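Here the structure comes first, spelled out in structure tokens, and everything after it is commentary.
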Amino acid sequence: MPETKKPTPHPYDTLDRATRAMTARLTKGQSPNAAMAAWGDWFAHMARAPGRQLELMEHAGQNMAKLTTGMMTGDGFAPLPGDHRFSHPAWNTPPFSLLKQNFLATEDWWEAATQPVRGARQPNINRVNFMTHQALDAMSPTNIPALNPEVLEKTMKDGGRNLVEGAQYMMRDLRQQMTGDCPDCPQEFKVGENIACTPGQVVYRNELFELIQYAPQTDTVEAEPILIVPAWIMKFYILDLSPENSLISYLVEQGFTVFAISWINPTSAHRDLGMDDYRRKGVMAALEVIGQIVPDQKIHATGYCLGGTILSIAAATMAREGDDRLASITLLAAQTDFTEAGELMLFLDESQVAFLDDMMWDQGVLEEGQMAGAFQALAARDLIWGRVIGRYFLGQDDRQADILTWNADATRMPYRMHSEYLHSLFLENRLTAGRFAVEGKVIALKDIDAPFFVLGTEKDHIAPWKSVYKATLFTEGDLRFCLTSGGHNGGILSEPGHKHRHFRLGHRTPGINYMDPDTWVDRHDTQEGSWWTPWLAWLQEHSSGQTTPPKIGTKELPPLEAAPGTYVFQD
């Protein structure tokens, strides 16, 4: 059949998109229309709620009384759990205690003022609450050096050396931001040397990814190999950081043959790569290659974050076609249902997605900084303001760490793929609503027969664990759900021996009724230690036994170069 031509956009529409794209560059992709609509909705409903207004006036009076008595008794407002801005002892002594109490009282009133209003759209109220806290965090007295006792004390103690060093750090950061180069930045961690350094070879490469096969480190291995599908929103080596916390190295050391996808870092030339390209040319192509290197064996497939989402789509499509090559499926902090996608939904509605669409249409990609800004905003108190005070006014150079090096090594997202992802999954939730089609036919997660191991992390702002847990609602087979301590990245890095780690583990057998997440937590006790250990046992349980390690590559697929390959170094 002849290829259908895309309709030529009307010049007026092109002008509108170009104008919005220009605005988006100035706002880093944040739609002013979405913000104004949220505030307008809140204000309009508050204006027609005299009872609520009286309640807030009463709340302000109570806060004033508590503020007054608290200054005399010392029993005033306390920071919320997890708020460490006022941890310095001097914040409890005058005059700093008055600044602290005034700020906390104001914060408490605005929290009450931005609670749901009858008739207002809940997403708008959530956005107003978020924007209010963003503004308050920026105005906190802890961010004003002349009012921050910790900064004043440090300056007196160091004779101002902290401010000189902070200014040097600021100049270095500005230079790096403007030029992309920083010759005098710490270089403690280097990809391929002391991070992403598990021995292996690139055995396949196409325009979308490199496939790395890791060298065996045991005399025998489990017959079934493991394929790791990371998110293309990040470099793959979050799963291969330092040798002591590398998940890939751990699996190899425990006797598994491991393959990992290393995605390309897209440029504007890749603007037309779609989600199905990542399925066909990514996941499915990797399975084909592994099948040639390790023939006649099923494969343990593991997907992290967005990689787990595309793996789920691929697995459901395979199930529909009767393709049973998967021995098991592991989803690490990966969402399949997006109705409770957490704080990221604060940045996503029809207006915001249209705004992002136009920006990506203009650029061809979503740039690294534009995406990182949204993640930083979710924890601006620590990631932005806390870093500004610590680095530029206390003179504290950021501690070098492997995960910080990885975090700074950001990637881009192709226009078409990210637009499809936002529309079909985040906004329309098609996958679990029975409306996600692959090659013209709808797929269903419940068709998957392979056993699941699904992992959520307690403090995940990107893939909230209750959203990840919904995989138990839309699948019907054997499933283990594990809830571990930590966040989206740190919770994954829970190698055995890691201090202060714990997890809960449950087993859903076929035919068992659905259990809501809060009930699940009540019925599963916390276990100390690393979730890697029970996952390893689960993988071994679903393997068929030991065999001799396969050769790296084949005659038709000779090794191309040593791990971690070339795509990981793309800027």
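These figures come from a predicted structure and were not determined experimentally.
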query = Would you say the side-chain atoms of Gln335 and Ser467 include a donor-acceptor pair closer than 3.5 Å?
reply = yes
task = For Val202 and Glu210, work out which heavy atoms get closest and say how close.
result = CG1-CB, 4.0 Å
note = Residues Leu208 and Gly282: closest non-hydrogen pair is CD2-N, 4.1 Å
inquiry  = Does the plane of the ring in Trp535 sit parallel, tilted or perpendicular to the ring in Phe453? Use 30° and 60° as the thresholds.
reply    = tilted
Backbone of Lys190 reached by a side-chain donor or acceptor of Asn194 within 3.5 Å = yes
inquiry  = Give me the atom names and distance for the closest heavy-atom approach of Cys305 to Ala231.
reply    = CB-CB, 3.9 Å
inquiry  = A side-chain contact here means heavy atoms from C-beta on lying under 4.5 Å apart; do Asn92 and Phe86 qualify?
reply    = no
query = Does one side chain, of Thr155 or Asn162, offer a donor that lies under 3.5 Å from an acceptor on the other?
reply = yes
ask   = Backbone N or O of Gln134 within a donor-acceptor pair of the Asp137 side chain at under 3.5 Å?
value = no
remark   = Shortest non-hydrogen pair, Ser140 vs Phe103, comes out as CA-CE1, 3.6 Å
ask   = Cut-off 3.5 Å, side chains only: do Asn265 and Thr411 have a donor facing an acceptor?
value = no
inquiry  = Below 30° counts as parallel, above 60° as perpendicular, anything between as tilted: where do the rings of Trp91 and Phe96 land?
reply    = perpendicular
query = Does Tyr304 reach the side chain of Val229, with side-chain heavy atoms less than 4.5 Å apart?
reply = no
ask   = Is it true that a side-chain atom of Asn63 and a backbone atom of Ala65 form a donor plus acceptor pair closer than 3.5 Å?
value = no
ask   = Going through the checks in order, is the ring pair (Phe, Tyr, Trp, His ring centres under 6.0 Å) test met by Phe481 and Tyr469?
value = CA-CA 7 Å; Phe481 182 77; Tyr469 179 82; 4.9 Å; yes
ask   = Can you tell me if Ser87 uses its side chain to pair, donor with acceptor, with the backbone of His84 under 3.5 Å?
value = yes
key: Polar contact flag, side-chain donor to acceptor under 3.5 angstrom, Tyr250-Asp240   = no
request  = Can you see which heavy atom on Ile261 is nearest to which on Pro230, and at what distance?
outcome  = O-CG, 3.1 Å
inquiry  = Working to the nearest 0.5 angstrom, can you tell me the gap between Trp406 CH2 and Ile403 CD1?
reply    = 6.0 Å
inquiry  = Could you tell me if the side chain of Leu99 sits less than 4.5 Å from the side chain of Asn102, heavy atoms only?
reply    = no
query = Do Tyr169 and Tyr392 have their ring centres less than 6.0 Å from each other?
reply = no
task = Considering only NZ, NE, NH1 and NH2 on the basic side and carboxylate oxygens on the acidic side, decide whether Arg85 and Glu107 come within less than 4.0 Å.
result = yes
remark   = Tightest non-hydrogen contact, residues Met413 and Trp232, listed as SD-CD1, 3.7 Å
key: Pair Met170-Arg391, side-chain contact (heavy atoms from CB on, under 4.5 Å): steps then yes or no   = CA-CA 8 Å; Met170 182 181 293; Arg391 186 165 174 79; over 6 Å; no
key: Glu528 and His500 side chains, donor-acceptor separation under 3.5 Å   = no
inquiry  = For the backbone of Met64 and the side chain of Thr68, can you confirm whether one donor and one acceptor N or O come within less than 3.5 Å of each other?
reply    = yes
task = Taking the side chain as every heavy atom from C-beta outward, state whether Glu165 and Asp158 have any atom pair closer than 4.5 Å.
result = no
key: Pairwise salt bridge (Lys or Arg N to Asp or Glu O under 4.0 Å) hits with a residue in residues 484-502, at least two apart   = none
task = With side chain to side chain donor-acceptor pair (under 3.5 Å) as the test, would you mind laying out the steps for Glu244 and His498 before giving the verdict?
result = CA-CA 10 Å; Glu244 62 271 14; His498 194 128; over 6 Å; no
message = Exactly one of Thr484, Leu483, Val468 should register a side chain to side chain contact (heavy atoms under 4.5 Å, CB included) with Leu455. Which one does?
response = Thr484
task = Examine the side chains of Asn148 and His88 and answer whether a donor and an acceptor come within less than 3.5 Å of each other.
result = no
key: For Lys235, salt bridge (charged side-chain N to carboxylate O under 4.0 Å, His left out) partners two or more places apart   = Asp409
inquiry  = Under a 3.5 Å threshold, yes or no: a donor from one side chain and an acceptor from the other, between Ser485 and Lys459?
reply    = no
query = Between Ser249 and Asn245, is there a donor-acceptor pair closer than 3.5 Å when you use the side chain of the first and the backbone of the second?
reply = no
task = Assess whether atom CZ of Phe43 is packed by more than 12 heavy atoms of other residues, nucleotides or ligands within 6.0 Å.
result = no
inquiry  = Check whether Phe77 forms a cation-pi arrangement with Lys66 (NZ or CZ under 6.0 Å from the six-membered ring centre, at most 45° off the ring normal).
reply    = yes
task = Assert yes or no for the condition that the ring centre distance of Phe503 to Trp531 is strictly below 6.0 Å.
result = no
inquiry  = Would you say that Trp465 contacts Asp460 through its side chain, given a criterion of any heavy-atom pair below 4.5 Å between the two side chains?
reply    = no
message = Using 30° and 60° as the class boundaries, would you call the ring planes of Phe338 and Tyr421 parallel, tilted or perpendicular?
response = perpendicular
query = Would a distance-only check, ignoring hydrogens and angles, find a side-chain to backbone donor-acceptor pair under 3.5 Å from Trp110 to Leu136?
reply = no
ask   = Just by distance, do the side chain of Trp42 and the backbone of Ala113 share a donor-acceptor pair under 3.5 Å?
value = yes
inquiry  = Between Gln101 and Ser97, is there a side-chain donor-acceptor contact under 3.5 Å, judged purely by atom types and distance?
reply    = no
Aromatic ring proximity, centroids under 6.0 angstrom, His418 and Phe426 = no
key: Thr267 backbone acceptor or donor facing His270 side chain under 3.5 Å   = yes
task = Would you check if Leu505 and Gln527 make a side-chain contact, meaning some heavy-atom pair closer than 4.5 Å?
result = yes
request  = To the nearest 0.5 angstrom, please state how far the OH atom of Tyr567 sits from the CH2 atom of Trp263.
outcome  = 11.5 Å
ask   = Just by distance, do the side chain of Thr114 and the backbone of Asn129 share a donor-acceptor pair under 3.5 Å?
value = no
